[in-house]
Amino acid sequence: MPRITLPDGSIRQYDAATTAAQVAADIGPGLAKAALGAKINGKLSDLSTLIEHDCALALVTPKSRDGQVDTDALSMLRHSCAHVMAEAIQKLYPGTMLVYGPALDTGFYYDMAFASGRAPSTDDFAAIEVEMAQIIAENRPFTRYDLTLDAGLSKLQTEGSKFKIDNAERAKEGGSTTLSWYATGSPSTNWEDLCRGPHIPSTGRIGAFKITSLASSYWKGDETLDRLTRVYGTAFATKPELEAYLKQVEEAKKRDHRLLGKQLRLFHIDEMVGQGLVLWTPRGAVVRQELQTFIGEALREQGYQQVFTPHIGKLELYRTSGHYPYYRESQYPPIVDHDAMSKLASEGCSCGELANRLERGEVEGYLLKPMNCPHHIRIFASEPHSYRDLPVRLAEFGTVYRWEQSGEIGGLTRVRGFTQDDAHLFVREDQVSAELQGCLALVKLIFATLGMSDYRVRVGLRDPTSDKYVGESANWDKAEEACRSAARSLGVPFSEEPGEAAFYGPKIDFVVRDVIGRSWQLGTVQVDYNLPIRFDLSYIGADNKEHRPVMIHRAPFGSMERFVGVLIEHFAGAFPLWLAPEQVRVLPISEKSEEYAKEVLAAIKALGMRATIDAGNERIQARIRDASEAKIPYLAVVGPRDAQQRVVSLRAFGIDANLGELPLDQFLLRLGAEYRTRGSESLKAALTP
RNA sequence: GCCACCGUAGCUCAGUGGUAGAGCACACCCUUGGUAAGGGUGAGGUCGAGGGUUCAAUCCCCUUCGGUGGCUCCA
């Protein structure tokens with residue numbers, strides 16, 4: 001006698017067990033038609049799930065009452081589409097074994113093991129899609145049936161897919177007492193797949209779908225296990241939604257920093273120089289320099305001291321720090337000098353042997369620095385310190401080199417050589433909390449100044465079950481609490497992620513997404529009790545005894561490369577005035593006004609600003625178009641009328657209109673103010689109606 | 001590093017087993033035009049590199065370098 005409570009609080013009572021589909025039908029034919037699934041006591045379920053007991057029931061439809069797309073519905077739809085795709089592929093590629101096919105935020109994928117040499121290519125998508133369309137047109141019901149664990153496992157053993165057997169065994173370990181299959185149609189006659197579900201009622205409910213890409217993956221994400229082929233796709237309830245999504249993806253791609261970097265000539269990566277090695281061209285260098293100047297001002301206010309250190313250091317330094325050999329895989333190989341090399345060669349030393357000798361410290365070499373901390377530590381250690389001197393804050397735009405896997409490198413966001421806006425703070429125990437706050441204030445200042453609000457904060461804590469961390473538990477407790485309270489003080493949500501701490505201490509990371517949805521860590525603040533011990537750092541306390549300082553590693557931008565990459569996408573290439581490589585372009589209407597235009601140009605340059613003149617042969621329309629495409633913040637159009645009245649006719653990027661005339665001296669005053677205040681006094685905003 | 005796809009002029013891209021084309025950009029000429037493309041002429045390519053098949057390769061095959069999407073990794 002189930003009593004079913006609906007989301008509006010109303011209760012429906014049934015004499016016997018029923019289904020969500022029946023409840024939907026009883027409420028109304030429209031709902032019955034729209035429903036894709038149900039939430040029974042909060043658990044996403046098939047519409048056909050038998051309801052035998054009292055429960056709370058919510059029907060899941062593609063769009064919720066307020067017209068928003070329902071993510072649960074979309075997720076069921078996509079997972080169901082993954083089944084349809086798997087069936088199509090297994091039909092076209094007999095012998096293909098299925099592994100795992102979940103829904104994603106933007107679609108779905110299915111991992112598959114193809115018979116060797118039989119994997120499809122992107123050219124085969126169309127054929128697969130035709131097959132899928134057929135299955136959808138047949139509108140076959142997704143039919144669930146359950147077997148006991150034993151019966152299910154023996155069925156899987158007979159079928160012989162180790163992947164599915166493994167899935168079933170994991171379900172067993174997870175506490176399942178039965179195994180479920182979903183047939184697309186009728187069990188025993190139609191295609192079926194071991195699956196926990198839930199699914200939409202029938203294939204016909206998949207309104208629109210598309211196979212999007214192909215990738216390889218590892219079974220269970222473990223590179224020592226089987227290599228699988230992952231086929232990605234997406235699906236929506238309706239065709240217009242799919243089209244809108246595809247269009248949105250296209251639009252996002254136009255903001256891609258790799259594309260804009262080329263169009264706007266911000267940076268260049270040259271295969272002759274090397275993969276992942278960024279060449280900052282003059283225009284991009286301006287952006288970076290402005291950011292460095294900006295943060296540099298904040299650093300001076302916070303009492304940082306600037307240092308410079310070289311790009312390499314002795315291997316022994318990194319043996320002490322622990323970077324070598326623990327992270328050797330991520331480093332460029334050591335540099336060995338000529339004499340040592342000749343000597344080794346004359347001894348017939350093999351490469352393998354050389355590696356071993358480097359490892360054991362029998363051959364000395366230099367390392368391209370993977371991190372700046374060891375150099376900064378040696379600066380700190382170069383003179384004695386009193387407790388009165390602390391905190392010592394050493395800052396450097398330090399360039400580091402890491403051997404990233406070739407397949408992972410791309411654009412500015414993942415590179416092999418990058419410059420961190422790095423600093424290391426050597427602080428007393430009692431200063432940790434306040435200094436952390438200071439570091440976070442810097443990150444906050446950056447995000448606020450640049451108008452970036454779409455970021456996520458991650459507090460990386462130690463894994464309580466692991467013993468891979470150094471330092472005393474009491475110190476960790478203090479450090480973690482300092483990180484937590486510092487993160488709390490930011491006033492934005494953050495996630496605590498156990499196991500994400502560095503081995504020497506907890507950290508706070510700032511994570512943003514790029515235009516294609518990938519997450520990147522930008523700023524980071526880390527508390528470190530370990531390196532001071534490894535380098536035996538000390539200061540003299542008020543008690544005239546030696547004490548161990550605590551280190552804070554922090555880089556509010558993260559790396560200049562990655563940050564600028566993300567920033568290009570954030571602004572879609574249209575930088576605010578203070579960052580823009582070219583801030584103003586002066587456009588004389590014709591040669592008759594060129595003299596005055598040059599005068600305007602000189603006056604802007606006298607403000608220390610970046611301006612050019614385009615006195616080319618083209619008509620003004622064409623030159624305005626060129627300047628707009630270059631995303632230049634201000635265009636000063638000057639013709640004979642302007643020259644006579646000593647005004648400029650202004651245009652601002654993003655406003656497709658003449659903003660009117662402004663007296664030259666006014667223009668210069670307000671332009672300079674906007675630049676100096678980094679946009680808080682905006683000329684454009686003042687002129688915009 | 002792994003899998004798939006891609007690599008043709010500075011950029012965006014056509015194209016073909018018989019040694020290449022467009023648009024934009026560039027140069028020059030005409031035009032001196034008041035707010036998103038004025039007109040003309042011209043220059044520009046070892047078709048990423050190496051090897052193979054073929055009478056003949058930019059095109060087919062192999063290798064390699066680089067790019068893209070994922071996987072893995074990211075101290």
Side-chain angles (χ1 to χ4, degrees), chain A residues 104 109 111-112 114 119-125 212-232 253 256 258-259 262-263 265 268-276 318 321-324 326-331 370-371 373 400 402-411 413-416 501-504 507 509 516-521 524 526 528 530-531 553 559 562 587-594 615-629 635-642 649-651 653 655-661:
Chain A
L104 303 171
Y109 68 78
D111 276 344
M112 306 179 178
F114 286 91
S121 82
T122 46
D123 294 339
D124 304 319
F125 287 178
T212 51
S213 67
L214 213 51
S216 88
S217 62
Y218 300 114
W219 190 26
K220 301 182 192 179
D222 184 337
E223 61 183 325
T224 63
L225 300 179
D226 302 54
R227 290 178 220 295
L228 307 171
T229 301
R230 179 170 295 182
V231 189
Y232 282 87
K253 281 184 184 162
D256 191 312
R258 291 165 297 194
L259 186 69
K262 198 176 269 185
Q263 276 171 10
R265 295 153 54 217
H268 174 64
I269 295 168
D270 193 298
E271 62 176 277
M272 212 172 194
V273 174
Q275 246 190 331
Y318 298 102
S321 69
H323 292 103
Y324 190 90
Y326 294 116
Y327 306 111
R328 199 179 36 195
E329 296 301 303
S330 313
Q331 294 161 4
M371 279 190 147
C373 28
V400 298
R402 299 182 190 181
W403 184 262
E404 303 285 358
Q405 294 187 114
S406 62
E408 193 47 64
I409 292 172
T413 41
R414 192 78 184 266
V415 294
R416 282 183 172 161
F503 69 92
Y504 49 72
K507 56 178 189 164
D509 293 330
I516 48 179
R518 293 179 296 201
S519 287
W520 300 103
Q521 179 196 309
T524 183
Q526 309 177 352
D528 177 9
N530 180 46
L531 291 182
H553 307 237
S559 88
R562 180 176 288 177
L587 304 176
I589 294 290
S590 75
E591 281 172 17
K592 290 175 190 140
S593 311
E594 206 173 322
N617 237 349
E618 296 296 329
R619 295 169 62 203
I620 193 68
Q621 286 86 340
R623 284 177 286 141
I624 283 171
R625 182 172 189 273
D626 289 345
S628 300
E629 287 190 338
L635 306 184
V637 179
V638 294
R641 291 203 305 267
D642 305 280
S649 294
L650 268 189
R651 275 185 83 108
F653 180 81
I655 303 172
D656 298 332
N658 183 353
L659 293 177
E661 293 162 358

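Chain A is the first sequence line, chain B the second, and so forth, proteins listed ahead of strands; every chain is numbered from 1.
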Tabulate atom names and distances for all N/O pairs under 3.5 angstrom spanning the protein and nucleotides 63-67 of chain B.
from	atom 1	to	atom 2	distance (Å)
B:G67	OP2	A:Q275	NE2	2.5

Name the pairs: protein N/O against N/O of nucleotides 23-31 of chain B, kept only if under 3.5 Å.
from	atom 1	to	atom 2	distance (Å)
B:C30	N4	A:N617	ND2	3.2
B:U31	N3	A:N617	OD1	3.3
B:U31	O4	A:N617	OD1	2.3
B:U31	O4	A:N617	ND2	2.9

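A tilted orientation is assigned to the rings of A:Y109 and A:Y232, their planes being inclined by 30° to 60°.
The side chain of A:K253 places no N or O atom within less than 4.0 Å of a non-bridging phosphate oxygen (OP1 or OP2) of B:U68. Proximity of A:K592 to the phosphate of B:G33: a side-chain N or O atom is located under 4.0 Å from OP1 or OP2. Residue A:R518 places at least one side-chain N or O closer than 4.0 Å to OP1 or OP2 of B:G70. A sub-4.0 Å separation between OP1 or OP2 of B:C73 and a side-chain N or O of A:R402 is absent.
Which of B:U35, B:C73, B:C2 sits closest to the side chain of A:I620 comes down to B:U35. Nearest to the side chain of A:D656, among B:A36, B:G69, B:A75, sits B:A36. For A:A622, whose side chain is taken as the heavy atoms from C-beta onward, the closest listed nucleotide among B:A37, B:U12, B:G70 is B:A37.
Residue side chain A:S217 does not reach the base of B:C71 through any donor-acceptor N/O pair under 3.5 Å, judged by distance alone. Side-chain atoms of A:Y218 and base atoms of B:G1 include a donor and an acceptor less than 3.5 Å apart.
Scored by the side chain to side chain contact (heavy atoms under 4.5 Å, CB included) test, A:R227 finds A:Y218 as partners (sequence neighbours excluded). By the ring pair (Phe, Tyr, Trp, His ring centres under 6.0 Å) test, A:F653 pairs with no residue at all, sequence neighbours left out. For A:R623, there are no salt bridge (charged side-chain N to carboxylate O under 4.0 Å, His left out) partners at least two apart in sequence or on another chain.
RNA chain B contains the following stems of three or more consecutive Watson-Crick or G-U pairs, with both distances under 3.5 Å: B:1-7 with B:65-71, B:10-13 with B:21-24, B:26-30 with B:38-42, B:48-52 with B:60-64.
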